[in-house]
Undergrad: 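The structure that follows is given in the form of structure tokens.
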Amino acid sequence: MNLVHVLEAISSWIWGAPLIILVMGTGLWLTIRLKMLQVFRLPLAIKLIGKAPNEGSGDVSSFAALSTALAATVGTGSIVGVATAIKLGGPGALFWMVVAAFFGMATKYAEGVLAVKYRVKDRNGQFSGGPMYYIEKGLGRRFKPLAMLFAFSGMLVALFGIGTFPQVKAIVSSTENSFGVPPIVTALIIAILTGLVTIGGLKSIAKVSTKVVPFKTGLYVLICLIVLIRFADQLPAAIALVLHSAFSTTSATGGFAGATIMLAMRSGVARGIFANEAGLGSAPIAAAAAKTKWPAEQGLISMTGVFIDTMVICVMTGLTLLVSGVWSGPTDAGLMTQQAFSSAFPLGAELLTIILIMFAFTTMLGWNYYGERCVEYLLGVKWIKPYRYLFILLVAGGAFIKLDAIWLLADIFNAMMAFPNLIALLGLSGIVVAETRTYMDSLNSSKKKGILAGASVGAAIQVEEKGQTVNS
């Protein structure tokens, strides 16, 4: 057995039952302790996206921090990953993806709270935070090896995994197949653009993300809506198929081999975790830089990342695959969404290519920052610039490297990010609950003061009016 086969076996095992149970269990525990905050406080969270006070310390606005996290999260996995889940586990996989996201919202909330609670300033005066800090500062110094494991794994994933090679390959393949652009030209352009943005650090990345992320998300949702309207008569049946397939074996049909309930569950949960990254510990690295004085406030904003990525983008992707009928055909998972778009309107495939390029490019930007903070934690600020230059070089060469073993290693290191992070979330869940209570008490107090102030003003007006009546 060669190295690739060994790594494949390890990756399949580590991303199987152990991690899925830990991820779902952590989300369930936090949901219970937070009294289903992801349901009852979702309206407030959505309101805060554009109207957060941005008071207190921080490097970027709360919206910019969310955009940076979404830049990394809303990527090719939100499109191709959904197609892969349905191709393997059937329509029921989409249901289990939503279930995982529901609990993942509580997990992402807790990550955002702890990121701000335990963040620090580095020697350059920039805020740094994330699982490595709340593991060491929250759980205690004796857990520092666990924090270092997270940071080391995060650095490797940024350099050799999600952050570089898969994204570059996706962009190069798309531009070559759709527009006939030579790979070397695309690789050079990507490397130059990546360098121009990432050398400037977080503020530069956030500036680009706040413009590109809303645009790419809005454009993709619009195109999905066009497909769903085009096949509107198939939508009720597609939703019924998702619900039925989630709890029963899906028979083989066309190019679909069939799937059991367990396969649907495993495919949906596993791909959902990859898509929204709840529990992996990546997003809180960006959340730690937000301008806020309330950890819970940024937690709520961070929580919306899962809602946008899975409840909106992934669900719409899945429904387009089902209503168009491409899910049961012979088409490869990587091309299923493209075929669904093409079947609805002309130039659908070309538009999807452009969107995929934006998705992949912004994923590189977000993961560049995640890796940078991991390097800073492990080696100090003096290694930030060398890391950025190495990242750009890897982006430039990523189109020409075939490294199956390194990609499998990246999957394994991704799981090695999740385990320390989830342990910390369980261990610090009491802190999350306390911070939530403090923030909610503050909101309630502000409302009461506002009501009392309003009542006082009203009484003063009435007194003034009575006085005027008497004098007249």
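All residue numbers in this chain count up from 1 along the given sequence. Everything quoted here is computed from the prediction, not taken from an experiment.
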Undergrad: OG1/T198 to CZ/R388 distance, rounded to the nearest 0.5 angstrom?
TA: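 Taking OG1 in T198 and CZ in R388, the distance rounds to 7.0 Å.
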Undergrad: Answer yes or no: are there more than 12 heavy-atom neighbours, outside F215 itself, under 6.0 Å from its atom CZ?
TA: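 Open: at most 12 neighbouring heavy atoms sit under 6.0 Å from CZ of F215.
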Undergrad: Please find the pair of heavy atoms, one from A101 and one from T310, that lie closest to each other, and give the distance.
TA: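 Scanning both residues, the minimum pair turns out to be CB-CG2, 3.3 Å.
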Undergrad: Show, in sequence, the C-alpha distance, side-chain angles and deciding distance for V381 and Q126, and conclude whether the side-chain contact (heavy atoms from CB on, under 4.5 Å) test is met.
TA: CA-CA 10 Å; V381 295; Q126 292 181 311; over 6 Å; no
Undergrad: Is there a side-chain contact between I412 and M416, using heavy atoms and a 4.5 Å cut-off?
TA: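 Side-chain contact under 4.5 Å: yes.
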Undergrad: Provide the full list of ring pair (Phe, Tyr, Trp, His ring centres under 6.0 Å) pairs with a residue in residues 79-130, sequence neighbours left out, each pair given once.
TA: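 For residues 79-130: F95-F247, W96-F247.
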Undergrad: I79 versus L352: any side-chain heavy-atom pair under 4.5 Å?
TA: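 Yes, at least one pair of side-chain atoms sits under 4.5 Å.
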Undergrad: Any donor-acceptor pair under 3.5 Å linking the side chain of T304 with the backbone of F307?
TA: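 Checking the backbone N and O of F307 against the side chain of T304, no donor-acceptor pair under 3.5 Å is found.
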Undergrad: Mind running side chain to side chain donor-acceptor pair (under 3.5 Å) on E136 and Y377 for me, showing each step along the way?
TA: CA-CA 11 Å; E136 181 184 345; Y377 177 81; 2.6 Å; yes
Undergrad: Is the shortest side-chain heavy-atom distance between L156 and S153 below 4.5 Å?
TA: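 Of all side-chain heavy-atom pairs linking S153 with L156, none is under 4.5 Å.
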Undergrad: T362 versus L70: any side-chain heavy-atom pair under 4.5 Å?
TA: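 No, too far: nothing below the 4.5 Å cut-off.
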Undergrad: Checking side-chain polar atoms at under 3.5 Å, does S128 have a donor or acceptor matched by the opposite partner on D122?
TA: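 Result is no, nothing qualifies.
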Undergrad: Give me the atom names and distance for the closest heavy-atom approach of C374 to F150.
TA: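 Minimum heavy-atom separation between C374 and F150: SG-CE2, 4.5 Å.
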Undergrad: Return each pair, listed once, that meets ring pair (Phe, Tyr, Trp, His ring centres under 6.0 Å) where at least one residue sits in residues 42-86; pairs must be two or more places apart or across chains.
TA: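 Matches after skipping sequence neighbours: none remain.
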Undergrad: Between K211 and S67, is there a side-chain heavy-atom distance shorter than 4.5 Å?
TA: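 No - every pair of side-chain heavy atoms lies 4.5 Å or more apart.
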Undergrad: Kindly compute the distance separating CD (E277) from OG1 (T73), expressed to the nearest 0.5 Å.
TA: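 Between atom CD of E277 and atom OG1 of T73 there are 4.0 Å.
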Undergrad: Quick one: do the T31 and Q38 side chains pair a donor with an acceptor below 3.5 Å?
TA: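 Yes - a donor-acceptor pair under 3.5 Å links their side chains.
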Undergrad: Tell me, please, which residues at least two apart from Y370 pass ring-ring contact (aromatic ring centres under 6.0 Å, His included).
TA: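 Y370 satisfies ring-ring contact (aromatic ring centres under 6.0 Å, His included) with W367 once adjacent residues are dropped.
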Undergrad: Only counting residues at least two apart or in another chain, list the ones meeting ring-ring contact (aromatic ring centres under 6.0 Å, His included) with Y439.
TA: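 Counting only residues at least two positions away or on another chain, Y439 forms a ring-ring contact (aromatic ring centres under 6.0 Å, His included) with W294.
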Undergrad: Give the C-alpha distance, both sets of side-chain angles, the deciding distance and a yes or no for side-chain contact (heavy atoms from CB on, under 4.5 Å) between V269 and M97.
TA: CA-CA 5 Å; V269 172; M97 189 176 287; over 6 Å; no
Undergrad: Calculate, to the nearest 0.5 Å, the distance between atoms NZ and CG belonging to K207 and L202 respectively.
TA: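 Here the interatomic distance stands at 13.5 Å.
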Undergrad: Just by distance, do the side chain of K108 and the backbone of N276 share a donor-acceptor pair under 3.5 Å?
TA: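 Indeed, once roles are kept as given, a pair shorter than 3.5 Å links the two residues.
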Undergrad: Which heavy atom of A45 sits nearest a heavy atom of L300, and at what distance?
TA: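 Closest pair (atom of A45, atom of L300, distance): CB-O, 3.4 Å.
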Undergrad: Donor-acceptor check, side chain of S204 to backbone of G201, threshold 3.5 angstrom: yes or no?
TA: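 Not confirmed, S204 side chain does not pair with G201 backbone.
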Undergrad: With rounding to the nearest 0.5 Å, note down the distance linking CZ in R230 to OG in S324.
TA: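 Nearest 0.5 Å value for the CZ-OG distance: 10.0 Å.
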Undergrad: Take the angle between the ring planes of F165 and F160 and call it parallel below 30°, perpendicular above 60°, tilted in between.
TA: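 Tilted.
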Undergrad: Does any N or O in the side chain of T320 come within less than 3.5 Å of the main-chain N or O of T317, such that one atom is a donor and the other an acceptor?
TA: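 Yes; judged by distance alone, with no hydrogens or angles, the pair exists.
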Undergrad: Checking Y369 now: which residues fulfil ring-ring contact (aromatic ring centres under 6.0 Å, His included) with it, not counting sequence neighbours?
TA: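 By the ring-ring contact (aromatic ring centres under 6.0 Å, His included) rule, Y369 matches no residue at all.
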Undergrad: Carefully, step by step, assess S62 and Q298 under the rule side chain to side chain donor-acceptor pair (under 3.5 Å).
TA: CA-CA 7 Å; S62 293; Q298 189 58 37; 3.1 Å; yes
Undergrad: Is there a side-chain contact between L149 and M132 in this structure, where contact means two heavy atoms from C-beta onward sitting under 4.5 Å apart?
TA: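 They are not in contact (no side-chain heavy atoms under 4.5 Å apart), so the answer is no.
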Undergrad: What's the shortest heavy-atom distance between L319 and I239, and which atoms?
TA: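 Nearest pair, atom of L319 first, then I239: CD2-CG1, 4.2 Å.
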Undergrad: Could you walk me through whether E111 and Y134 pass the side-chain contact (heavy atoms from CB on, under 4.5 Å) check?
TA: CA-CA 9 Å; E111 290 177 335; Y134 56 71; 3.8 Å; yes
Undergrad: Applying side-chain contact (heavy atoms from CB on, under 4.5 Å), run through L426 and L22 and close with a yes or a no.
TA: CA-CA 10 Å; L426 290 171; L22 184 57; 4.2 Å; yes
Undergrad: For I184, does the CD1 atom sit with more than 12 other heavy atoms under 6.0 Å from it, leaving out its own atoms?
TA: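 No, because the 6.0 Å sphere around CD1 of I184 holds 12 heavy atoms or fewer from other groups.
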Undergrad: To the nearest 0.5 Å, tell me how far E435 CD sits from K117 NZ.
TA: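 Reported value, rounded in 0.5 Å steps: 4.0 Å.
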Undergrad: What's the shortest heavy-atom distance between C314 and L94, and which atoms?
TA: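 So the minimum-distance heavy-atom pair works out to O-CD1, 3.8 Å.
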Undergrad: Measure from the side-chain N and O atoms of R119 to the backbone N and O of A290, and report whether any donor-acceptor pair falls under 3.5 Å.
TA: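 Checked: pair present.
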Undergrad: Between L365 and I205, what is the shortest heavy-atom contact and its length?
TA: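 Closest approach of L365 to I205: O-CD1, 3.6 Å.
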Undergrad: For residues P131 and P284, determine if any side-chain heavy atom of one lies less than 4.5 Å from a side-chain heavy atom of the other.
TA: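 Side-chain contact under 4.5 Å: yes.
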Undergrad: Is the Y220 to F359 ring centre distance short of 6.0 Å?
TA: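 Ring-ring flag for Y220/F359: true, centres closer than 6.0 Å.
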Undergrad: Taking everything shown except M311 itself, do over 12 heavy atoms lie less than 6.0 Å from its CE?
TA: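 Enclosed.
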Undergrad: Who pairs with F361 by ring-ring contact (aromatic ring centres under 6.0 Å, His included), at least two apart in sequence or on another chain?
TA: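 Listed in chain order: nothing, the list is empty.
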Undergrad: If you round to the nearest 0.5 Å, how far is CG of L66 from CE of M303?
TA: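 Answer rounded to 0.5 Å: 11.5 Å.
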Undergrad: Hey, mind stepping through S78 and D309 against side chain to side chain donor-acceptor pair (under 3.5 Å) and telling me if it holds?
TA: CA-CA 7 Å; S78 303; D309 177 82; 2.7 Å; yes
Undergrad: Do T164 and L159 come within less than 4.5 Å of each other through their side chains, counting heavy atoms only?
TA: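 Heavy-atom side-chain distance check fails, nothing below 4.5 Å.
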